[in-house]
Amino acid sequence: MHMKTRRIGPIGTTTRLLAAVGLLYLALFDGTSWGLEWYDAAVGLAVLPAAGLALGLTARRYASGPVRFMGSAGTTANCLLLVALGVNPYTAGGAALFYGATLLLATWRDQPGCEATVLSNALLGRDDQIGCPLFSPIDEAEARLAARQAAGRQYPEAARSRTQG
């Protein structure tokens with residue numbers, strides 16, 4: 001029986017779920033009362049998804065394959081966007097709603113990297129990635145660990161001699 005290989009590991013899955021719950025709580029509740037404003041819903045459920053989809057459509061039109069905006073430049077650009085959305089009172093709630101919902105979708109779809117690309121990837125059948133300050137390092141570390149474990153299973157004598165010698 002062929003098992004599907006997970007693209008994110010257990011730590012990436014757990015941190016995404018915890019972050020999603022936290023962000024959705026921040027977006028939907030103001031203390032113990034309902035805190036979602038109309039503009040939060042507009043930004044989180046229409047504007048940001050439309051922007052992500054527009055970028056995905058642009059990438060599909062002009063890029064020959066999946067876009068990889070990773071490394072320090074991609075992560076810095078993503079951090080700047082997150083800070084800009086988070087400090088503005090008119091976009092902070094919507095950004096929390098958008099990112100919380102897309103984190104759930106990224107976990108369900110098993111997509112590594114930043115959750116901002118998950119909706120356009122799902123709708124357009126792409127695998128674009130941008131650098132994520134929180135999840136990219138976790139995903140990379142878990143991928144390296146999985147590769148090391150797979151190499152140890154493939155060549156057990158070499159793995160045993162490295163640990164003994």
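As a basis for the values below, the full set of heavy atoms in this structure was taken, side chains included, without hydrogen atoms, waters or symmetry mates. Here, residue 1 is the first one in the sequence, and each next residue gets the next number.
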*Write down the atom of Cys132, the atom of Asn78, and the distance for their closest heavy-atom approach.*
CA-ND2, 3.9 Å
*Output the distance between atom CD1 (Ile138) and atom OG1 (Thr15), rounded to the nearest 0.5 Å.*
4.0 Å
*From Ile11 atom CD1 to Leu145 atom CG, the distance as rounded to the nearest 0.5 Å*: 8.0 Å
*Do Tyr25 and Leu18 share a hydrophobic cluster (ILVMFWY, side-chain heavy atoms under 4.5 Å, transitive)?*
no
*Apply side chain to side chain contact (heavy atoms under 4.5 Å, CB included) to Leu85 and Phe98, showing your working.*
CA-CA 11 Å; Leu85 289 171; Phe98 172 74; over 6 Å; no
*Does the side chain of Pro112 reach to within under 4.5 Å of the side chain of Glu140, using non-hydrogen atoms?*
no
*Test item: Ser120 side-chain N/O and Thr117 main-chain N/O as donor-acceptor pair under 3.5 Å*: yes
*Heavy-atom closest pair, residues Val118 and Arg109*: O-NH1, 3.7 Å
*Show your reasoning for whether side chain to side chain contact (heavy atoms under 4.5 Å, CB included) applies to Leu103 and Phe135.*
CA-CA 10 Å; Leu103 276 170; Phe135 300 115; 3.4 Å; yes
*Going by the side chain to side chain contact (heavy atoms under 4.5 Å, CB included) test, name the single residue among Leu45, Leu26, Leu23, Val43 that passes it with Leu97.*
Leu45
*asked:* To the nearest 0.5 Å, what is the distance between CZ on Arg60 and CG on Leu124?
replied: 5.0 Å
*Using atom types as modelled and distance alone, determine if a side-chain donor or acceptor of Thr75 lies under 3.5 Å from a backbone N or O of Ser72.*
no
*Please report the closest heavy-atom contact between Leu48 and Gly94, naming both atoms and the distance.*
CD1-O, 4.2 Å
*May I ask you to test the Leu57-Arg61 pair for a side-chain heavy-atom distance under 4.5 Å?*
no
*asked:* Using every non-hydrogen atom in the two residues, find where Ala63 and Val67 come nearest and quote the distance to one decimal.
replied: CB-CG2, 3.9 Å
*Under 3.5 Å: donor-acceptor pair, side chain of Ser136, backbone of Pro133*: no
*N/O donor-acceptor pair under 3.5 Å between Gln129 side chain and Met70 backbone*: no
_To the nearest 0.5 Å, what is the distance between CD on Glu142 and OG1 on Thr13?_
7.0 Å
*Nearest heavy atoms of Cys114 and Gly131, plus distance in Å*: CB-O, 4.4 Å
*Crowded around Tyr90 OH? As in, over 12 foreign heavy atoms under 6.0 Å?*
no
*asked:* Rounded at 0.5 Å granularity, tell me how far CG in Asn121 sits from CG in Leu53.
replied: 10.5 Å
*Side chains of Arg68 and Asp127: does their closest heavy-atom pair fall under 4.5 Å?*
yes
*Distance-minimising heavy-atom pair for Asp139 and Ile8*: OD1-CG2, 3.7 Å
*asked:* Within this structure, what is the CD-CG distance for the pair Glu115 and Leu104, rounded to the nearest 0.5 Å?
replied: 10.5 Å
